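Just so we're on the same page: letters track the sequence lines, and every chain starts at 1. Here the structure is a predicted model, which means the values were calculated and not measured.
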Amino acid sequence: MSRYSAAEIEPKWQKAWEDANVFKAPLAQDLRDSDKPKYYVLEMFPYPSGRIHIGHVRNYTMGDVIARYKLSTGHNVLHPMGFDAFGMPAENAAMANGGHPKDWTYSNIDTMVAQMKPLGFGLDWSRMFATCDPEYYGQQQALFLDFLAKDLVYRKNAVVNWDPVDMTVLANEQVENGRGWRSGAEVERRELTQWFFKISDYSEELLEALDTLDNWPAKVKLMQANWIGRSRGLQFAFSTVNAPEHFDRIDVYTTRPDTLAGASFVGISPDHPLAKELEAGSAEVAAFCAEARRGGTTEEAIEKAEKMGFDTGIRVRHPFDTAWELPVYIANFILMDYGTGAIFGCPGHDQRDHDFAKKYDLPIVETFAPLEGEIDIQAAPFVPAKTEKVRYTRLIAGEEEQTGEEAVNAAVDFCESNGVGHGVTKFRLRDWGLSRQRYWGCPIPVVHCPDCGVVPEKKENLPIQLPYDEDGTPIDFSIPGNPLDRHPSWRDCACPECGQPAKRETDTMDTFVDSSWYYTRFTAPHATTPTDMAEAAYWMNVDQYIGGIEHAILHLLYSRFFSRAMQITGHLPESAKEPFDALFTQGMVTHAIYQTRNAEGRPVYHYPEEVTLRDGKGYLEDGREVEIIPSAKMSKSKNNVVDPVQIIQQYGADTARWFVLSDSPPERDVEWTASGAEAASKHLARVWRLAAELDADAPADATEDTALLREMHKAIHDVTLGVESFGFNASIARLYAFTNAVQKSKAGAEAKRTATRALAQLMSPMTPHLAEEMWQILGGEGLVAHAPWPVADEAMLVDDVVTLPIQINGKRRAEIDVPADMDKAEVEKLALAHHAVIKALDGATPKKVIVVPGRIVNVVI
RNA sequence: GCCCGCGUGGUGGAAUGGUAGACACAGAGGACUUAAAAUCCUCAGGCUUUAGCCGUGCGAGUUCGAGUCUCGCCGCGGGCACCA
């Protein structure tokens, strides 16, 4: 081979790894004598959308760098891959193009595996599974039954997006501007009986345990803490006037009892029992409640909807002044799921309440004011941080001047001692609703019996499999709704308890359930129970989990709940309570969007390969200029997805891997550029030539050899540090510099061979095929994948002389070279003797001289 | 609307509170070549030129010293419980 050819090299080494079983993780039962530590690295598994995406390449390359590095530092490594295969897109595809979600999904998986294999990831493919495999979801059903037995699951009512035209439940993403995406009908919020996991029982635990997650990003822990949302407040009851029977009290919860003297109304949710009672007796109330329930269920939709209230005519007495009566409104912005579904409004110190008071002409009363300055409470609410000290003008308890926090505590104590309610701690976290009215998910293994009620399936009947057809007729996905619901031969069954005719639950599970325990299943993917305790005990926890920041809250929080629930039900050891020891959240790969507009002004999107770039402007083949929207998240509908398969075919896997790791820090988004891939490819060819064209006759040269070996040890040190701290871009920049050093070095053949072999090893986690090839050319023993990682010699890292910048008043004016170990006084003397300093001082004495050894000198004049 | 991030040359980006722009891309100039490709070498933040001034989204502040810390804005991105 006369030049670098990825097409020749890559398949060869992939076969060599496979033949040597390099990446097959051992079984725990075979490791009794192994003194190697274990290492479990996992990237969030993909949804089988059909083709891999350059973002997948980036994500899995990062994991692969870690996996290969850990292998070469003497670990037993588990690095598996699977597919998060249930979910809506498969059903949508079946709806749009016919076919069956199962066929669509498995065909996509085949394609994606075929696209991933050429990338040379060090994965243990023998452990692969998809969550839609009956073998997997059957064990998930077993878990559900175990959770049910331990009271970790229950049923209650909850609201869903209801499309009144299609008569179906919609996902949030199927609601566009409050309307159903297919029917265009205004969506309403409707209650259904659904299954829930009792995650809220673990609110405190999940919150407290965040402190133990030392290797998680602080921002993720903060987001989870805010999501769980512990608050201290006062729960108390207003007594009512003119209310229907059994409603002589309205319980409210407030985090601001210190503003009780500024209350001007009480608001209740349209789903509050009192609202429902009134709704039943009044067409007017019913009309308002229907109006209030319009729109989607997301918190965002509810927050952004115009605030509306309905005066019920009912009044409540203020707890501290029974002559003072407040109106009771039904309001569309109050959630039944949080607190008691009822609040009191304090327009003086809350923007939303202020808007509401303005709209319905309610009094706005100030309870506290800033320490200094004037405010107009009628014009705008005064909402300072709770930690800020303010002056109370209508004081409930405590000092006149105190912080909001202090005032809340004082008010709670005061109210308690006066028999008005009690202080309570509440959490924002709600129970996890897992029922989905859809086909392509894990069936919930229960049966509804007219006599016995809700009956769990017997474990020996698992898996309850999804039907593929209906007595030989393909299932029809062209009509909205859940096909399981209209599938009599699947739905009708015998009650597992009494044997009488009964009906299966037709709801399936939220796909978050599938992804909440897959990481445990990888430790024993074919066990006949959800986990094999011996394997789980050995391989858990995941030492390094890698995935997108978009999963910071839900997926990770649900997984943390599941690992606890699995421990309670005997499927995981106590030590796996927190399943992910370290978490890394990587950024997205973005690409410019190229668009023109059609006659109606609607955007038309063009593929990157259709566009020629000149002077920062883009043109189509016919010469028309395109509008360039920079750095957008890759999305099929915008035609800005870069297909990695093309890159791999053109340049090879190592180039693709090298490119996605270079330049951008892994946690940040990266912009895909074609020129970047080209440059990466050129560099790899240069590195290959270093090994292939090494001059075997070059004589040794003591000075040059030492200089090069020093560079080598520094590179080993820096690259290793980069790999260990997810600074892959830094490692690569360092490898560029080291490559330059090797290339320019006049060292002898032996030193150059040593340095180049180290270069191959340092590159091996990123460009493993090239590294193997170089290793072979340079006479390395066996596979570089098996070679122990090089260790830097500390003695070679220290320079004898350092360059110190000299600042005058914080601005760099000169620099001096001094021995690294020179003491401060000597350095100061040298600095002050420098002509630039003498000139600046102009005979005066410096006010101050700061010497930071090895860093800087600052002379203050 | 609420929660969490991010913002540095033409571009991607580097920088334990200590020389802002490492390392690359694109660019310019040169070498080699009949020519091109490939490769190699040199230059390169901006404005002025013996030297200096301005520069890390904007405005304040802390500090001997701020891209980095604090406060207030602006812009962009992620999440908001049925997208995964």
Side-chain angles (χ1 to χ4, degrees), chain A residues 3 44-47 49 84 86-89 158 160-161 169-175 194 199 217-220 222-227 229 296-305 333 337 351-352 428-438 510-512 514-515 548-555 557-558 585 587-588 590 615-616 631-633 662-665 667-671 673 675-676 678-680 682-683 685-686 689 727 729-730 732-737 740 743 803-807 809-815 846-850 852 854-861:
Chain A
R3 49 178 293 186
M44 290 180 186
F45 64 164
Y47 179 79
S49 57
D84 189 12
F86 276 135
M88 297 203 310
V160 293
N161 301 304
V169 176
L170 298 180
N172 286 333
E173 78 162 3
Q174 298 174 317
V175 179
Q194 316 220 44
I199 188 173
K219 63 179 171 185
V220 173
L222 187 57
M223 280 189 260
Q224 291 214 355
N226 289 340
W227 185 262
T297 56
T298 67
E299 194 169 301
E300 185 187 6
I302 292 165
E303 285 283 335
K304 282 185 173 166
F333 55 85
D337 288 325
Q351 185 66 52
R352 191 175 60 190
R428 204 184 77 99
L429 180 64
R430 309 198 291 260
D431 278 334
W432 169 13
L434 67 116
S435 302
R436 296 292 180 271
Q437 295 71 43
R438 273 178 251 290
D510 177 7
T511 55
F512 274 125
D514 312 338
S515 56
I549 186 68
E550 68 272 22
H551 295 295
I553 297 176
L554 292 178
H555 163 61
L557 192 59
Y558 289 158
T585 56
M588 296 179 301
T590 61
D615 308 326
S631 297
K633 180 178 177 171
S662 58
D663 288 357
S664 266
E667 68 275 14
R668 216 187 285 182
D669 295 348
V670 64
E671 171 83 7
T673 60
S675 56
E678 171 81 33
K682 281 185 187 174
H683 177 72
R686 182 161 73 109
R689 283 198 303 275
N729 58 321
I732 285 190
R734 197 61 190 77
L735 285 165
Y736 269 107
N740 292 341
Q743 195 173 19
T803 303
L804 289 187
I806 301 173
Q807 293 185 329
N809 288 339
K811 284 182 191 277
R812 189 177 70 87
R813 283 293 182 267
E815 52 184 43
K847 278 193 194 141
K848 203 171 180 181
V849 180
I850 290 142
V852 183
R855 278 287 175 191
I856 206 162
V857 181
N858 190 10
V859 182
V860 185
I861 298 172

Is G9(B) in the syn or the anti form, by the rule that syn lies within 90° of 0?
syn
Might you point out which heavy atoms bring [X] and [Y] nearest each other, and give the distance in Å?
| X | Y | answer |
| --- | --- | --- |
| Val169(A) | Gln174(A) | O-OE1, 4.3 Å |
| Ile199(A) | Asp431(A) | N-OD1, 3.2 Å |
| Phe86(A) | Tyr47(A) | O-CE1, 3.5 Å |

Please measure how far the [atom1] atom in [N] lies from the corresponding atom in [M], and state the result in whole Å.
| N | M | atom1 | result |
| --- | --- | --- | --- |
| G72(B) | G5(B) | P | 14 Å |
| U56(B) | G46(B) | P | 16 Å |
| G27(B) | C71(B) | P | 44 Å |

Can you find a side chain N or O atom of [X] that sits less than 4.0 Å from OP1 or OP2 on [N]?
| X | N | result |
| --- | --- | --- |
| Asn858(A) | G18(B) | no |
| Asn729(A) | A14(B) | yes |
| Asn226(A) | C2(B) | no |
| Arg812(A) | G18(B) | no |
| Arg436(A) | C82(B) | yes |
| Arg734(A) | A15(B) | no |
| Thr298(A) | C80(B) | no |
| Ser662(A) | A24(B) | no |

Nearest whole Å is fine: how far is C2(B) P from Glu300(A) CD?
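For the pair Glu300(A) CD and C2(B) P, the rounded distance is 12 Å.
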Audit row: Glu299(A), Lys304(A), salt bridge (Lys or Arg N to Asp or Glu O under 4.0 Å) steps and yes/no
CA-CA 8 Å; Glu299(A) 194 169 301; Lys304(A) 282 185 173 166; over 6 Å; no
Would the base of U39(B) count as contacting Arg3(A) through its side chain, where contact means a donor and an acceptor less than 3.5 Å apart?
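Side chain to base: no pair below 3.5 Å.
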Given the structure, check if the side chain of Gln743(A) and the base of C40(B) hold any donor-acceptor pair shorter than 3.5 Å.
no
Ranking Asp431(A) and Lys848(A) by the position along RNA chain B of their nearest nucleotide, the one closer to 5' is Lys848(A)
